[in-house]
**Q** 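I am attaching a structure below and will ask some questions about it afterwards.
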Amino acid sequence: MGAVYAQLSAKERVQIERWKLAKVPVREMARVLQRSKATIYREIKRNWFSDECLPGYDGYYGAAAHQKAANRRARQRKLIRHPQLRNQVVERIKNGWTPEQIGNRLIHEGATLRVCQETIYRYIYSQEGMAQELWWSLPEHRRARRPRRARKRRAPKFDRDVSILFRPDDVAHRREFGH
């Protein structure tokens with residue numbers, strides 16, 4: 001699924017906090033940290049601290065940002081939090097339903113707890129899903145997931161042995177009609 005991405009460390013977040021107070025441009029922060037400037041903008045926006053009780057203390061704080069990010073990563077996934085929904089999804093997968101069909105059926109039935117196909121795929125390929133071997137019930141029995149929009153190398157259209165240079169003399173000199 002693309003390049004490997006490493007989360008920002010606590011040290012990097014504290015450094016961003018210092019630079020933010022010093023009014024260093026985001027482009028310069030990104031260059032020094034060797035990150036995309038979009039990563040820095042997203043980090044500041046997602047982990048901005050604001051509290052109605054403490055209006056003078058709004059801002060980006062590295063330690064608080066690191067704690068917020070850790071809490072987001074530690075939050076349990078929907079199919080683990082709701083065992084009833086998980087059992088329903090696992091039962092349908094084992095009956096031969098695809099994750100797309102399950103997600104759309106839950107919407108059609110008007111279920112209070114819904115789950116999208118991507119969540120189902122992530123559960124199937126997680127440790128819990130691999131332990132149950134749910135991937136075996138999918139239409140394509142893939143043990144590992146393929147990237148969705150990755151470029152695929154195409155086979156050449158023409159065989160290398162068939163070259164225009166090896167055509168017969170009659171065709172090469174166009175002696176007959178149609179050549």
Side-chain angles (χ1 to χ4, degrees), residues 1-83 85-86 89-90 93 98-104 106-107 111-135 138-155:
M1 294 201 191
V4 176
Y5 177 79
Q7 302 289 328
L8 287 169
S9 67
K11 185 178 176 183
E12 289 173 320
R13 288 187 168 104
V14 170
Q15 190 67 40
I16 290 171
E17 175 188 353
R18 289 186 187 141
W19 285 331
K20 187 89 175 116
L21 289 172
K23 299 189 178 182
V24 174
V26 172
R27 186 177 295 242
E28 183 64 20
M29 291 183 210
R31 187 186 63 75
V32 173
L33 292 175
Q34 296 181 342
R35 302 281 187 156
S36 167
K37 65 180 181 176
T39 302
I40 307 299
Y41 276 117
R42 188 182 319 112
E43 172 66 22
I44 293 169
K45 184 178 178 185
R46 288 181 93 191
N47 297 319
W48 186 263
F49 174 80
S50 63
D51 192 359
E52 293 175 5
C53 299
L54 303 167
Y57 294 99
D58 291 357
Y60 180 83
Y61 300 103
H66 194 69
Q67 187 62 42
K68 263 178 137 175
N71 288 343
R72 270 196 305 273
R73 281 194 303 276
R75 212 176 289 148
Q76 282 191 335
R77 296 180 307 266
K78 198 172 197 177
L79 287 175
I80 293 177
R81 276 190 322 230
H82 304 287
L85 178 63
R86 179 182 62 233
V89 167
V90 168
I93 288 172
T98 64
E100 292 84 1
Q101 291 170 332
I102 296 169
N104 290 331
L106 290 172
I107 291 170
T112 55
L113 280 175
R114 297 177 187 169
V115 67
C116 71
Q117 65 190 37
E118 182 61 25
T119 305
I120 297 171
Y121 274 116
R122 286 186 183 186
Y123 179 77
I124 290 170
Y125 290 106
S126 70
Q127 287 180 347
E128 297 87 5
M130 292 301 267
Q132 297 175 23
E133 293 189 346
L134 295 175
W135 55 271
L138 294 175
E140 293 185 9
H141 312 292
R142 293 192 187 280
R143 189 174 194 137
R145 219 172 155 189
R146 284 190 307 166
R148 283 182 70 193
R149 292 183 185 91
R151 284 189 164 189
K152 297 175 186 83
R153 191 177 191 120
R154 292 189 179 177

**Q** Drop me the distance from Ile102's CD1 to Arg114's CZ, to the nearest 0.5 angstrom.
**A**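 The distance works out to 15.5 Å.
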**Q** Side chains of Tyr61 and Gln67: is there a donor and an acceptor less than 3.5 Å apart?
**A**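 No, no side-chain donor-acceptor pair sits under 3.5 Å.
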**Q** Hey, mind stepping through Gln15 and Met29 against side chain to side chain contact (heavy atoms under 4.5 Å, CB included) and telling me if it holds?
**A** CA-CA 9 Å; Gln15 190 67 40; Met29 291 183 210; over 6 Å; no
**Q** What pairs of donor and acceptor atoms, side-chain ones from residues 16-25 against any protein atom, are under 3.5 angstrom apart with sequence neighbours left out?
**A**
| unit_1 | atom_1 | unit_2 | atom_2 | d |
| --- | --- | --- | --- | --- |
| Glu17 | OE1 | Gly62 | N | 2.8 |

**Q** Salt-bridge test for Arg35 and Glu12: reply yes if a basic N is under 4.0 Å from a carboxylate O, no otherwise.
**A**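 Yes, this pair counts.
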**Q** When rounded to the nearest 0.5 angstrom, what is the spacing between CD1 in Ile93 and OG1 in Thr98?
**A** 9.5 Å
**Q** What do you reckon, is CZ of Arg72 surrounded by more than 12 foreign heavy atoms closer than 6.0 Å?
**A** yes
**Q** Testing the basics here: between Tyr125 and Arg143, what is the closest heavy-atom pair and its distance to 0.1 Å?
**A** CE2-O, 3.4 Å
**Q** Can you find a pair of side-chain heavy atoms, one from Val115 and one from Pro99, that are under 4.5 Å apart?
**A** no
**Q** Would you find more than 12 non-hydrogen atoms of other residues, nucleotides or ligands less than 6.0 Å from Tyr41 atom OH?
**A**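 Open.
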**Q** Between atom CH2 of Trp135 and atom NE2 of His141, what is the distance when rounded to the nearest 0.5 Å?
**A**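 That separation rounds to 8.5 Å.
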**Q** Could you give the distance from CG (Leu79) to OG1 (Thr119), rounded to the nearest 0.5 Å?
**A**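 Between Leu79 CG and Thr119 OG1, I get 6.5 Å after rounding to 0.5 Å.
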**Q** Any salt bridge (Lys or Arg N to Asp or Glu O under 4.0 Å) pairs touching residues 37-46, not counting sequence neighbours?
**A**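 Those involving residues 37-46 are Arg13-Glu43.
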**Q** So how far is it from Gln101 CD to Gln117 CD, rounded to the nearest 0.5 Å?
**A**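 Spacing of CD (Gln101) from CD (Gln117) equals 11.0 Å.
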**Q** Is it true that, when you exclude Arg73 itself, more than 12 heavy atoms of the residues, nucleotides or ligands shown sit nearer than 6.0 Å to its CZ?
**A**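 More than 12 heavy atoms, drawn from other residues, nucleotides or ligands, come within 6.0 Å of this atom.
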**Q** Pick from Gln76, His82, Lys78: which one makes a side chain to side chain contact (heavy atoms under 4.5 Å, CB included) with Ile80?
**A**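 The passing option is Gln76.
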**Q** Please report the shortest heavy-atom distance between Ala69 and Asn47, naming the atom on each side.
**A**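 Closest approach of Ala69 to Asn47: N-OD1, 4.2 Å.
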**Q** Nearest 0.5 Å, please: how far is CD in Glu28 from CG in Leu33?
**A**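 Between Leu33 CG and Glu28 CD, I get 10.0 Å after rounding to 0.5 Å.
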